[in-house]
Each structure stands twice: as C-alpha cells, then as structure tokens.
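Taking it in order: structure first as structure tokens, then the write-up.
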Protein chains: 2
Amino acid sequence: MSKNIRIVLIEDDDILRMGYESLLSDVEEFSVVSSYASYDLAKKQLEQDHPDVILLDIQMPGTNGLQALPFIKKMLPNSNIIILTVFDSPELVFEALTMGAGGYLTKNSSSAKIIDAVREVSTGGGAMSTNVARIVMHSFQKNLNSPLTKRETEILDRIANGQTKSQIANELFIDQETVRSHVKNIYIKLDVNSKSEAIKTAKEKRFI
Amino acid sequence: MSKNIRIVLIEDDDILRMGYESLLSDVEEFSVVSSYASYDLAKKQLEQDHPDVILLDIQMPGTNGLQALPFIKKMLPNSNIIILTVFDSPELVFEALTMGAGGYLTKNSSSAKIIDAVREVSTGGGAMSTNVARIVMHSFQKNLNSPLTKRETEILDRIANGQTKSQIANELFIDQETVRSHVKNIYIKLDVNSKSEAIKTAKEKRFI
DNA sequence: AAAATATCCCCCATTTCGGGGGATAGCTTT
DNA sequence: AAAGCTATCCCCCGAAATGGGGGATATTTT
C-alpha cells in the first residue's frame, strides 16, 4: 500500500553521496536502499537492490556512468536511471539519452529539482535540468531560413530516408524527371554534387 | 539598467489570459507589455511591443499558435516563444520545437514553473514541463535490443546518411565486398531487400 | 563443437546517378 | 511589362551503385 520508491546512488564523491542520501532519505515515500562509490562496486549487488530509480554519476573510477548505463539497463530493465553530473556537453547528454537514461541533471540542481526528478522518472517520465533542456531543444530547431523550397525540402528529406528518385516520383505523383530537376536545384543551392554531400550539408545547416 | 523582461501573452481564454497577466506582472523584473486574444489581433502590434518572451497558446480563433510561430520568428527573430497549451501530443511538441519554440509548457504547470520558464527562455534557454520532457526523452531512446551488430549498425547508419557502399568501404578501411556482406546480413535480419526499407524499418524500431 | 561475426571474392542484370542540354506554365516581385 | 522563381516535364550520355546468387576464411563468442 505504501508506494515506496527504492533508490540506489552511484557517486564517487563521498560528501555528495552522503548529501544525496540524506536529502532523499528525508522524503517519506523514498528509501535509499544502497549507495556505492562506483559502478564496479555496485554491479554485484544491484540486482538484489532492485531499485526503482538509480542516480548515476558519470565521472567515476573504473567503469564510468555512461559505459555502465547499457549494462544496468540490461540487468534491470525496469529501473529508471537519472544521470547526475557536472558535465552538460551535448555529446554526453545525447549519448545518455539514447542509451536510455530517464533523466539528466547537472549538479547545480536544487534539492527540490532532484526530488521532483526522482518522482517523475519513477513513473517512466523524463526529467532534465534547464541547461540540459536548452541543449535538447536546440537540437530540434530547424533553420527557418532554408534556401530550399517546400518541394525541395520534401524531396531531400525523402532522399535522406533512402528513397530513390523513382520511388519519390511515384509517391509524389510527379515524373522522375521532375524529381531530377529538383535535385539538380538542390545541389546548386547547397553547392554539392552528390546525395551524401547534400544530406550532410542539409543536416548540418538544419535544412532537414 | 533594470533587466526588465518584456512579455506578450497570446491566449484566447479571457480568464486564463488575465490570470497569467496578473501572475507575471507580480514578478518584479517582468513587465507584460501586451496581451491579445489571438495572433490575428496581435500581429499588427507585435513589432512595436518588441517582447523578449511571448507566451503563445496553440488553440486560438484564426491563425493558431503553431501556424503563427514561423511568422513571429521571422518578424521578431530575437524574441523567445513559449508554447502554453493543454495539448501534449508528440506531433505538436516536435512541430513546435522544430519551428523554433524555446519552451513548451502544458497548462497544468505551476505558477512557479511558468515564471521559471520565462526567465529561462529569455536568456535563450529551454523550458518544458515534465510530460513534455517525457515525450522528448523517449524520442531519443534507442532500442538496446537491436539484432544488428556494432559493425552492421555503423554501416546502416552511414547508409542512412546517404553514403554509398564504396564511400563506406573507404572510410572504414574495409573492402566494398565486406560492406556488401554486412548489408546482406542487415537485410536478412530486418527482413527487407532495399536500402529505403532498411532505413525505414531501422528507424521505426530505433536500431539507428 | 557450434554459432556468430567480420572480413574478402566472383558472377550477373537492372537501376540509379549525375552532368549536360533544354521547355512550359504559373505566380511573385520589381 | 519584364524579370525571377517555382514546379513541372523532356532528351542524351556514361559511370556507378544496387541487389541477388554463389562462395571462403579467421576470429570470437557461446
């Protein structure tokens, strides 16, 4: 009947680890079942801990947090992992998210934010600090000043999805020669002369 | 010298609009310079308002918020737009973010969250409510149980970026025939027999 | 020992690609 | 009214890529 959220901490800094433990233990529906100074120390016991939420540091002796992520996910598919780190580079954020992290908090996060995040991810949700949200949102933004027309963008998008010109022609109900014309114009506008260059340039400049 | 944040509200519900206006006006560094019941009513005056942040509803009479987004971005490239809506479908969220929204809040957000969000986006940051964060994070997660090996994933990824087999062979320092072998295996595993099908299937199942 | 993986080889017909040269109709901007 | 852009369609060409078939070998993993 008590909806207890079982938490495991993996954080090499003793002071921080104790701080988090104390912070989270004070929340009624939370129980910190274990805390470890590294993944290598944690891995043998993680399964018995069967935590709902794992707070995971990236920087650690031995296997680091990002390397540990897929192993933890495989061992405990139903646990939700929050990355808790000082780093907020786009590369690390995206890697963590694609690897299945349910949250990404930087260590300047307030106590309230951390507690909220644990609650949120324990129900399968997502949580991120504002600087991470900033990174993630920028990764979505398309360039609104694309030199490509709607039609050209549509066609380049399909090319980027592996479609051939004849497939595109069929699906858009236009002639293959029309597609070819558009592609020629795309190449001129992007100053490229092959499919892969066009895709690369367009993605870099966020035209598609 | 006062770092006043100029805010414009575009929200058709009178009660809500007044509520937000009152909420935000009470914050010292905020000033709500205008509020409108629709984009169509707002557009002639938006330029003079030169707001730092615009809170924008989606559902509105006339031009809706998502349709208005690119026009506002073009007219006021330096303004930051927060979508504030009851809807949180992935399609709407992604459309808003790709169109350049700096934030996406659902209307169940607390007053504190809304105020935080305005502060955050006014500095070019990102803000989203937890349910939106959930959607966004899920969109990043790769399938960790891909049938494809590392090498196969690497190759399919390059194919999805428009590279030909010979280009891939060169960059990976392997023979074109080796690439061909991998591709054959990829096709068998994904049960497809063409590039575009492979990309489509792999993207759907989040193998790449 | 068996299976999976990564590497390489040959044959073949078909399709696609990119470069070149156009045209036409419609719509917008100047 | 002229110029420009857009979307549509047409022809020529040779080179490259594709997908299907048949293998082999060495290393790792199970």
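Chain identifiers are assigned alphabetically (A, B, ...) following the order of the sequence lines, protein sequences preceding nucleic acid strands; residue numbering begins at 1 within each chain. Heavy-atom basis, side chains included; hydrogens, waters and symmetry copies ignored.
Judged by atom type and distance alone, B/Arg180 reaches the base of D/dG21 through a side-chain donor-acceptor pair under 3.5 Å. Side-chain atoms of B/Lys184 come within donor-acceptor range of the base of D/dG22, with a qualifying N/O pair under 3.5 Å. Contact of A/Glu177 with D/dC11 (side chain to base): a donor-acceptor pair of N or O atoms is detected under 3.5 Å.
Between A/Phe140 and B/Phe140, the ring-plane angle classifies as perpendicular under the 30° and 60° cut-offs.
The distance from atom CD of A/Glu154 to atom C1' of D/dA7 is 13 Å, rounded to the nearest whole Å. For the pair B/Ile199 CD1 and D/dT18 C1', the interatomic distance rounds to 13 Å; values are reported in whole Å. Rounding to whole angstrom units, CD1 of residue A/Ile168 and P of C/dG18 are separated by 11 Å. Distance B/His182 NE2 to D/dG19 C1': 17 Å, rounded to the nearest Å. Straight-line distance from the CG atom of A/Asn185 to the C1' atom of C/dG21: 14 Å, rounded to whole Å. Rounded to whole angstrom, the span from the CZ atom of A/Arg158 across to the C1' atom of C/dC17 amounts to 19 Å. When rounded to the nearest whole Å, the span between CD1 of A/Ile188 and P of D/dT6 equals 12 Å. Nucleotide C/dC17 holds its P atom 4 Å from the NZ atom of A/Lys195, rounded to whole Å.
In this structure, A/Glu154 does not pair ionically with A/Arg151, as no charged nitrogen and carboxylate oxygen lie closer than 4.0 Å. Looking at A/Lys107 and A/Glu11, a side-chain N of the basic residue comes within less than 4.0 Å of a carboxylate O on the acidic one, giving a salt bridge. Salt bridge present: A/Arg180 and A/Glu177 bring a charged side-chain N and a carboxylate O closer than 4.0 Å.
For the residue pair A/Glu21 and A/Ser35, a side-chain donor N or O sits within less than 3.5 Å of a side-chain acceptor on the partner.
Dashed line: the shortest gap from a side-chain N or O of B/Lys189 to OP1 or OP2 of C/dT5 is under 4.0 Å. For A/Thr164, a side-chain nitrogen or oxygen approaches OP1 or OP2 of C/dT16 to under 4.0 Å.
Within the 4.0 angstrom heavy-atom criterion, only backbone atoms of the sugar-phosphate kind lie near B/Thr149; the bases stay farther away. Residue contacts shown for A/Thr178 include a base, since a base heavy atom lies under 4.0 Å away.
For B/Arg151, taking side-chain heavy atoms from C-beta onward, the closest of the listed nucleotides D/dC9, C/dG18, C/dA6 is C/dA6. Comparing atom distances between the B/Lys165 side chain and each of D/dT18, D/dA7, C/dC9 picks out D/dT18 as nearest. Distance from the side chain of B/Ser181 is smallest for D/dG23 among the nucleotides D/dA17, C/dG22, D/dG23.
When each of B/Leu172 and A/Tyr187 is assigned the nucleotide of DNA chain C with its nearest heavy atom, B/Leu172 is the one assigned upstream, toward the 5' end. Mapping B/Phe173 and A/Asn193 onto DNA chain C by nearest heavy atom places B/Phe173 closer to the 5' end of the strand.
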